[in-house]
Amino acid sequence: MKFDCIIVGAGSIGMAAAYFLAKAGKTVCCIDAYEPPHINGSHHGETRIIRYAYGEGEAYVPLALRAAHLWEELAAQVDEELFLQTGVINVGDHNNPFIQTVIESARKYELPLEVLSSEEVMERWPGISLPDNMIAAFEPTSGILKVEKCVEAYKTRAIELGASFYFNEPVRQIITGDSVTVITDTHTFTAEQCVISSGAWTKQLLESIDVPLPLSPIRKTFAWYEADEQLYGDLAFPAFAFELRDACYYGFPSIDGAGYKIGRHDGGEPINPDEVLDSFNEKDAGDLDNFIDDYMPHVGPLKEGRVCKYTMTPDEHFIIDRLSSSANIIVASGFSGHGFKFASVIGEIISQMICGDECQYDIDLFKLSRFKEVSLGV
Ligand SMILES: Cc1cc2nc3c(=O)[nH]c(=O)nc-3n(C[C@H](O)[C@H](O)[C@H](O)COP(=O)(O)OP(=O)(O)OC[C@H]3O[C@@H](n4cnc5c(N)ncnc54)[C@H](O)[C@@H]3O)c2cc1C
């Protein structure tokens with residue numbers, strides 16, 4: 001079967017790319033090892049934070065703003081609520097570089113942002129306890145994306161626009177040349193171009209075509225806790241990111257009574273993505289409990305914990321680039337635990353790259369050439 005483009009991995013990023021490519025009139029074949037949205041990759045757990053004043057670097061701000069606009073367009077197309085404007089607080093020491101970058105990027109892009117003392121934070125949100133040395137940068141326009149609903153919505157629209165889907169078909173082999181051939185257990189597909197957006201499995205898929213990338217799949221955990229809705233419900237409480245000296249935590253208010261949700265962003269054990277992950281355990285819970293005891297003392301007991309996968313790059317910036325050894329392959333991976341909010345705009349950018357259209361955004365930060373050790377792929 002021959003297509004204009006094959007997408008290997010139709011998860012967060014691949015599904016958005018499928019929509020934009022189908023919208024651009026391309027014949028597109030989307031292959032996934034499971035049936036997205038599913039719980040085996042990086043896009044489950046109900047919620048993802050979207051914030052615009054961006055601690056990871058000012059270069060992300062235009063992308064985050066475009067992403068928000070595209071999520072809004074998608075919500076209107078499928079007539080679903082995909083975004084909740086709860087606001088997001090970024091919390092840390094007053095001189096924390098992440099918090100300073102949040103403040104600077106808000107200033108540069110004229111984004112609404114309130115910088116609050118620890119006292120002001122505790123007065124506004126009595127569910128939080130903060131020591132004197134900490135401040136918060138509160139962005140009221142940001143909030144929460146409903147992650148599985150977003151993936152489902154792009155799937156619905158891509159199917160309506162004629163994209164072909166092959167689910168529960170892991171890709172076994174990729175053969176590069178003038179065109180790209182992709183082989184599963186039951187099909188052989190060819191296309192002029194191919195997008196590899198296979199999340200935690202990208203490293204091993206690329207190794208099979210002799211392209212070693214510095215990607216590390218990591219086991220991550222998150223959990224829901226009982227919560228007083230007056231203190232921690234989404235009408236009263238924002239999403240949050242805490243940049244502590246030795247750890248980073250993020251979390252969400254209780255939505256529709258589901259419970260307060262929290263996860264730790266840094267750390268996590270390297271994994272083989274093909275192996276079943278160890279379930280959420282006491283050690284995972286203990287780590288989250290320590291944070292809750294210190295900073296959210298009125299949160300109730302643990303309800304349920306889950307496991308998930310991050311795909312880290314060494315500098316925690318994404319990879320969105322063509323392989324120089326096979327220019328008809330685009331890699332979109334290494335989203336390092338902060339990629340979901342951008343899935344919409346990255347889908348649009350991938351479509352522009354495939355169609356040969358000019359990209360309005362500066363994506364030099366995501367080039368493969370920054371990794372000196374990537375000798376074969378660049
Ligand atoms: C617990 C948790 C919390 C997070 N919180 C946030 C947040 O608040 N805000 C934010 O912006 N981001 C957040 N992220 C990060 C974000 O969710 C990820 O960066 C993003 O989902 C990665 O998208 P992806 O398309 O690379 O991976 P995925 O969505 O996992 O998609 C990859 C797809 O490839 C498929 N695949 C793999 N191998 C093959 C193969 N051989 N053949 C066919 N298909 C294959 C998989 O089945 C999967 O569907 C969080 C992530 C986790 C795990």
Side-chain angles (χ1 to χ4, degrees), residues 6-18 29-51 54 56 60 63-64 67-68 71 88 142-145 147-148 150-151 154-155 165-174 182-185 189 195-206 208 215 217-223 239-241 248-252 261-265 268 273-274 277 280 305-313 316 318-320 331-347 350:
I6 297 171
I7 296 176
V8 178
S12 320
I13 305 296
M15 196 65 88
C29 163
C30 312
I31 312 169
D32 203 283
Y34 300 94
E35 184 165 352
H38 60 76
I39 59 164
N40 304 296
S42 306
H43 62 256
H44 59 287
E46 297 175 6
T47 46
R48 292 291 183 269
I49 294 175
I50 178 165
R51 48 196 162 79
Y54 215 66
E56 290 85 342
Y60 286 91
L63 293 170
W71 290 123
V88 177
S142 56
I144 297 169
L145 291 165
V147 54
E148 291 92 343
C150 289
V151 174
Y154 270 138
K155 181 165 83 177
F165 282 88
Y166 297 85
F167 291 135
N168 302 307
E169 279 200 47
V171 166
R172 302 294 185 198
Q173 202 185 349
I174 299 173
V182 174
I183 301 173
T184 70
D185 291 337
F189 305 97
V195 178
I196 300 190
S197 47
S198 44
W201 290 262
T202 305
K203 183 182 174 66
Q204 63 192 49
L205 260 178
L206 285 167
S208 73
L215 291 170
I218 300 274
R219 173 184 178 272
K220 301 302 295 180
T221 65
F222 57 94
F240 60 86
C248 309
Y249 292 85
Y250 63 90
F252 303 82
K261 183 183 146 192
I262 179 171
R264 181 166 174 175
H265 176 67
D274 284 331
L277 298 184
F280 185 85
R306 298 250 187 97
V307 290
C308 190
K309 296 173 180 121
Y310 276 8
T311 309
M312 306 301 292
T313 62
E316 299 187 16
F318 313 151
I319 294 174
I320 306 170
V331 179
S333 188
F335 291 100
S336 302
H338 64 117
F340 190 81
K341 65 183 76 59
F342 300 104
S344 54
V345 67
I346 293 171
I350 289 171

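Values in this document were obtained by computation on a predicted structure and should not be read as measured data. Sequential numbering from 1 along the given sequence is applied to the chain's residues. Indexing begins at 1, ligand by ligand and atom by atom, following the structure's order.
With sequence neighbours left out, the side chain to side chain contact (heavy atoms under 4.5 Å, CB included) criterion links Ala18 to Ile7, Cys30, Ala158, Phe165. Shown here are the side chain to side chain contact (heavy atoms under 4.5 Å, CB included) partners of Glu46, two or more places apart in sequence or in another chain: Glu148, Trp224, Ala258.
Close placement of the Phe189 and Tyr166 rings is indicated, their centers lying within 6.0 Å of each other. In this structure, Trp71 has its ring center at least 6.0 angstrom away from the ring center of Phe342. Aromatic pair Tyr310/Phe335: centroids not less than 6.0 angstrom apart.
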What are the polar N/O contacts of ligand 1 with the protein below 3.5 Å, with distances?
residue: ligand 1; atom: 8 (O); partner: Ile49; partner atom: N; Å: 2.7
residue: ligand 1; atom: 9 (N); partner: Ile49; partner atom: O; Å: 3.0
residue: ligand 1; atom: 11 (O); partner: His338; partner atom: O; Å: 3.2
residue: ligand 1; atom: 11 (O); partner: Phe340; partner atom: N; Å: 3.1
residue: ligand 1; atom: 11 (O); partner: Lys341; partner atom: N; Å: 2.9
residue: ligand 1; atom: 11 (O); partner: Lys341; partner atom: NZ; Å: 2.8
residue: ligand 1; atom: 12 (N); partner: Phe340; partner atom: N; Å: 3.2
residue: ligand 1; atom: 14 (N); partner: Gly337; partner atom: O; Å: 3.4
residue: ligand 1; atom: 17 (O); partner: Ser42; partner atom: O; Å: 3.0
residue: ligand 1; atom: 17 (O); partner: Arg48; partner atom: NE; Å: 2.9
residue: ligand 1; atom: 19 (O); partner: Gly339; partner atom: N; Å: 3.2
residue: ligand 1; atom: 21 (O); partner: Ser12; partner atom: OG; Å: 2.7
residue: ligand 1; atom: 21 (O); partner: Ser42; partner atom: O; Å: 3.3
residue: ligand 1; atom: 23 (O); partner: Ser12; partner atom: OG; Å: 3.1
residue: ligand 1; atom: 25 (O); partner: Ser12; partner atom: N; Å: 3.4
residue: ligand 1; atom: 25 (O); partner: Ile13; partner atom: N; Å: 3.1
residue: ligand 1; atom: 29 (O); partner: Ser12; partner atom: N; Å: 3.0
residue: ligand 1; atom: 29 (O); partner: Ser12; partner atom: OG; Å: 2.7
residue: ligand 1; atom: 29 (O); partner: His43; partner atom: ND1; Å: 2.7
residue: ligand 1; atom: 30 (O); partner: Ser42; partner atom: N; Å: 2.9
residue: ligand 1; atom: 41 (N); partner: Val171; partner atom: O; Å: 3.4
residue: ligand 1; atom: 42 (N); partner: Val171; partner atom: N; Å: 2.8
residue: ligand 1; atom: 44 (N); partner: Ala33; partner atom: N; Å: 2.9
residue: ligand 1; atom: 47 (O); partner: Asp32; partner atom: OD1; Å: 2.6
residue: ligand 1; atom: 47 (O); partner: His38; partner atom: NE2; Å: 3.1
residue: ligand 1; atom: 49 (O); partner: Asp32; partner atom: OD1; Å: 3.2
residue: ligand 1; atom: 49 (O); partner: Asp32; partner atom: OD2; Å: 2.7
residue: ligand 1; atom: 49 (O); partner: His38; partner atom: NE2; Å: 2.8

Identify every side-chain donor-acceptor pair in residues 33-43 under 3.5 Å, counting partners at least two apart or on other chains, and give the distances.
residue: His38; atom: ND1; partner: Asn40; partner atom: N; Å: 3.0
residue: Ser42; atom: OG; partner: Lys309; partner atom: O; Å: 2.7
residue: His43; atom: NE2; partner: His38; partner atom: N; Å: 3.0

